[in-house]
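Notes for the one structure printed next.
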Amino acid sequence: MLKRTHNCGQLRIEDSGLKVILAGWVNSYRDHGNLVFIDLRDREGLTQIVFNPDTNPEMHKLARTIRCEWVIAIEGIAQPRSEGMENPKLSTGKIEVSVDKLEILNISKTPPFEVDNADKTGEELRLAYRYIDLRRPVMQHKLRTRHKVTKITRDYFDNLGFWEIETPMLGKSTPEGARDFLVPSRLVPNTFYALPQSPQLFKQILMVSDVEKYFQIVRCFRDEDPRADRQAEFTQIDVEMSFVDTDDIISVHENLAAKIWKEILGVDVKLPMRRMTYNESMSDYGIDRPDLRFDMKLKDITDIAKETSFKVFTSTIENGGIVKGLCAPGGDKYSRSDIEKVLTKFVADYGAKGLAWAKVKSEDGNLTLQGGSAKFFSQEQAKQLLERFDAKADDLLLFVADNEAIVNKSLAPLRCKLGRELKLYDDDSFEFVWVVDFPLFEWNEDEKRFDSLHHPFTAPVDDDLEKLETDPGHIRSKAYDIVVNGSEIGGGSIRIHNMKTQQKVFDLLNITREQAEDRFGFFLKALEYGAPPHGGIAFGLDRLVMLLTGTENIRDVIAFPKTQRGQCLLTEAPSGVDLKQLNELNLRVQTHSHKIDEIASEEQ
RNA sequence: GGGGCCGUAGCUCAAUUUGGUUAGAGCAUCGGACUGUCGAUCCGAAGGUUGAGGGUUCGAGCCCCUUCGGCCUCGCCA
């Protein structure tokens with residue numbers, strides 16, 4: 001076998017005259033009857049190779065049998081292309097290799113789609129033939145970027161004295177949080193492991209063990225329905241540190257993020273990053289992960305709305321609801337039908353019962369409200385609205401009246417949609433923010449109890465500790481999320497390290513001593529043996545790479561991803577298993593049970 | 001569990017106002033021509049259970065029902 005001396009993206013004009021060996025896939029094939037040109041591809045690039053019947057008739061003859069995606073190796077002389085024959089699209093475009101020796105390493109069936117045109121090919125087919133899809137330069141760039149991010153991360157943490165420690169994949173199921181993936185135990189019949197939703201408790205236990213600085217690039221599993229940016233199986237950069245407070249964690253990790261952005265994209269991220277409280281974020285953006293690339297803040301107009309003659313507003317407010325809105329700059333371009341059909345339907349998906357609107361028009365130099373709900377506002381009320389939103393001519397005001405949760409839940413995505421459609425920001429920009437001071441609990445109306453917003457091990461802010469007894473709903477937590485362009489890329493908290501506080505939190509969560517003992521007994525026990533103050537964070541590696549490569553599809557940044565039904569189209573997992581395997585696991589699937597029931601009833 | 005979009009040749013897409021003769025095109029494939037191309041070009045050929053099943057109709061790619069699959073989304077994701 002010819003052993004290569006260079007890769008296909010390497011040769012330059014300076015290499016002219018060099019005897020080289022290249023190997024790769026046939027990207028394209030141009031047969032001129034006499035001259036045969038092949039663009040040879042490997043992961044580094046393309047190099048044109050040329051077969052000339054005058055110099056080597058035998059190799060030329062062989063070359064004419066070659067087809068796209070065959071694997072070949074060639075030996076030849078790198079030579080400059082003659083004037084006018086250069087290809088400026090290729091980094092190797094000023095040279096070509098004149099082939100003396102050709103070795104066909106492997107032939108290929110005609111691929112089901114063309115590697116060159118695969119961006120137009122349906123994803124379903126690309127996933128079934130992922131090995132071909134991944135040959136494409138854009139996909140290779142994503143794989144490479146992902147590798148670089150993990151490499152930067154490992155080097156970064158290593159330099160700071162962190163240890164990468166693996167935690168078990170086969171763990172204990174806990175009913176909180178997402179649905180677990182279960183793995184049956186063969187040796188202990190009728191019991192199950194759960195795949196980790198995150199290594200949360202193990203990394204905290206490692207702090208009790210004086211690992212002090214832990215990180216892990218770790219696979220996590222949550223058996224919930226996938227989304228464009230969410231997959232049941234995903235990867236976290238998981239971190240935990242001892243003897244630290246919020247500022248320490250934030251500092252370490254904003255530096256990591258800045259380093260990644262600098263090394264991958266050459267982007268300078270301004271440090272320290274901006275911080276915003278949860279309350280500010282919810283109030284101004286309606287969501288705990290604000291997209292700060294554009295302004296267009298939400299404004300509460302309940303005070304103005306309750307004075308209007310608009311029944312929808314006044315009755316909502318009487319029933320304890322609120323009215324919030326936003327002012328879309330240049331939103332005049334939305335027609336009445338756009339607003340009342342498209343935008344109204346958009347917010348309806350989030351539970352909003354309607355979308356009130358009015359356009360801002362300039363009349364004789366004065367701004368007025370027109371259309372939609374404008375008639376319900378007095379002149380004075382209109383003036384107040386225009387001032388509150390700092391509205392300009394040809395802006396569009398949009399309002400939702402409902403309970404606070406629905407108002408925010410519907411306006412936040414509406415704001416993002418409008419920002420995108422009105423091109424209020426530069427697609428290449430990145431706006432980082434730390435969201436802090438999350439509430440420790442949120443009230444669960446159905447269950448009549450508090451739920452953890454983050455998780456039950458999150459520490460309360462010291463000043464709010466006494467509220468554990470008096471006002472649990474208003475306790476702030478030492479939790480923090482790092483958000484980029486409206487996408488949460490990481491989140492974590494300082495943990496509770498003392499049993500008394502932990503116990504109080506469990507009480508408020510309605511977790512009994514017995515339940516706590518059953519679910520996390522091992523962990524609570526560990527806390528009693530000298531747990532240091534500690535905290536940590538986890539970054540979503542998949543989302544990081546999505547942002548860095550500019551894709552909104554998580555499957556693009558995973559080598560072998562799954563579909564929305566959790567299937568792998570390449571391997572056809574999940575699949576049925578042999579009865580023998582089930583028997584060894586002491587398992588019986590429902591179809592079997594039904595069969596057995598049927599037989600039993602027939603026998604009767 | 002709910003809502004929406006989609007499925008026609010290997011790939012990407014067409015197919016006239018609820019329907020009307022033999023379902024077309026580009027790329028790829030196969031054969032031929034060609035001395036410099038680089039999305040090669042030119043000539044020719046082959047390629048189809050319109051995702052599957054059922055129904056309505058004189059007649060279905062198109063209308064209806066069921067079903068399979070993909071994507072987006074609400075719920076869900078401590």
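Here is the naming used below: chain letters follow the sequence lines, and residue numbers restart at 1 for every chain.
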Exercise for the section: Answer yes or no: does a side-chain N or O of A/R227 lie under 4.0 Å from OP1 or OP2 of B/C74? Expected result: yes
Handout entry: Any A/R30 side-chain nitrogen or oxygen under 4.0 Å from OP1 or OP2 of B/U37
Key = no
Practice task
Using a 4.0 Å heavy-atom cut-off across all strands, classify A/G93 as base, sugar-phosphate, or nothing.
Solution key: nothing
Practice task
Using whole Å, report how far CG of A/L127 lies from P of B/G70.
Solution key: 10 Å
Exercise for the section: Provide the Watson-Crick or G-U wobble partner of B/C27, both distances under 3.5 Å; none if there is no partner. Expected result: B/G10
Practice task
For the residue pair A/W434 and A/Y480, categorise the inter-ring angle as parallel (less than 30°), tilted (30 to 60°) or perpendicular (more than 60°).
Solution key: perpendicular
Handout entry: Side-chain N,O (A/R67) to OP1/OP2 (B/C30) below 4.0 Å
Key = yes
Exercise for the section: Flag the pair A/F37 / A/H32 as yes when their ring centroid distance falls below 6.0 Å, and as no otherwise. Expected result: yes
Handout entry: Distance below 4.0 Å between A/K409 side-chain N/O and B/G75 OP1 or OP2
Key = yes
Handout entry: Nearest-nucleotide comparison on RNA chain B, the residue closer to the 5′ end among A/R81 and A/Q567
Key = A/R81
Exercise for the section: Ignoring backbone atoms, test whether A/T563 places a side-chain nitrogen or oxygen under 4.0 Å from the OP1 or OP2 oxygen of B/G70. Expected result: yes
Handout entry: B/C27 OP1/OP2 closer than 4.0 Å to side-chain N/O of A/K120
Key = no
Problem - Main-chain N/O of A/K467 paired to A/D464 side chain as donor or acceptor, under 3.5 Å - result: no
Problem - Centroid under 5.5 Å and tilt under 30°, A/H32 to B/A40 - result: yes
Practice task
Check whether any side-chain N or O of A/R565 sits under 4.0 Å from OP1 or OP2 of B/C72, and answer yes or no.
Solution key: no
Problem - Presence of A/Q197 side-chain N/O under 4.0 Å of B/C77 phosphate oxygens OP1/OP2 - result: no
Problem - Whole-Å gap separating P (B/C38) and CZ (A/F51) - result: 18 Å
Practice task
Go through the N and O atoms of the side chain of A/D225 and the base of B/G75, and report whether any donor-acceptor pair is under 3.5 Å.
Solution key: yes
Practice task
Look at A/N87 and B/C38 and indicate whether a side-chain polar atom (N or O) is within less than 4.0 Å of OP1 or OP2.
Solution key: no
Practice task
Measure the spacing between CG of A/L414 and CG of A/L355 and express it to the nearest 0.5 Å.
Solution key: 6.0 Å
Handout entry: Nearest-angstrom distance, P atom, B/U22 to B/A60
Key = 11 Å
Exercise for the section: Determine if A/F113 stacks with B/C11; use a centre-to-centre distance below 5.5 Å and an interplanar angle below 30° as the criteria. Expected result: no
Practice task
Consider the side chain of A/M85, meaning its heavy atoms from C-beta on, and name the nucleotide among B/G36, B/G10, B/C76 that approaches it most closely.
Solution key: B/G36
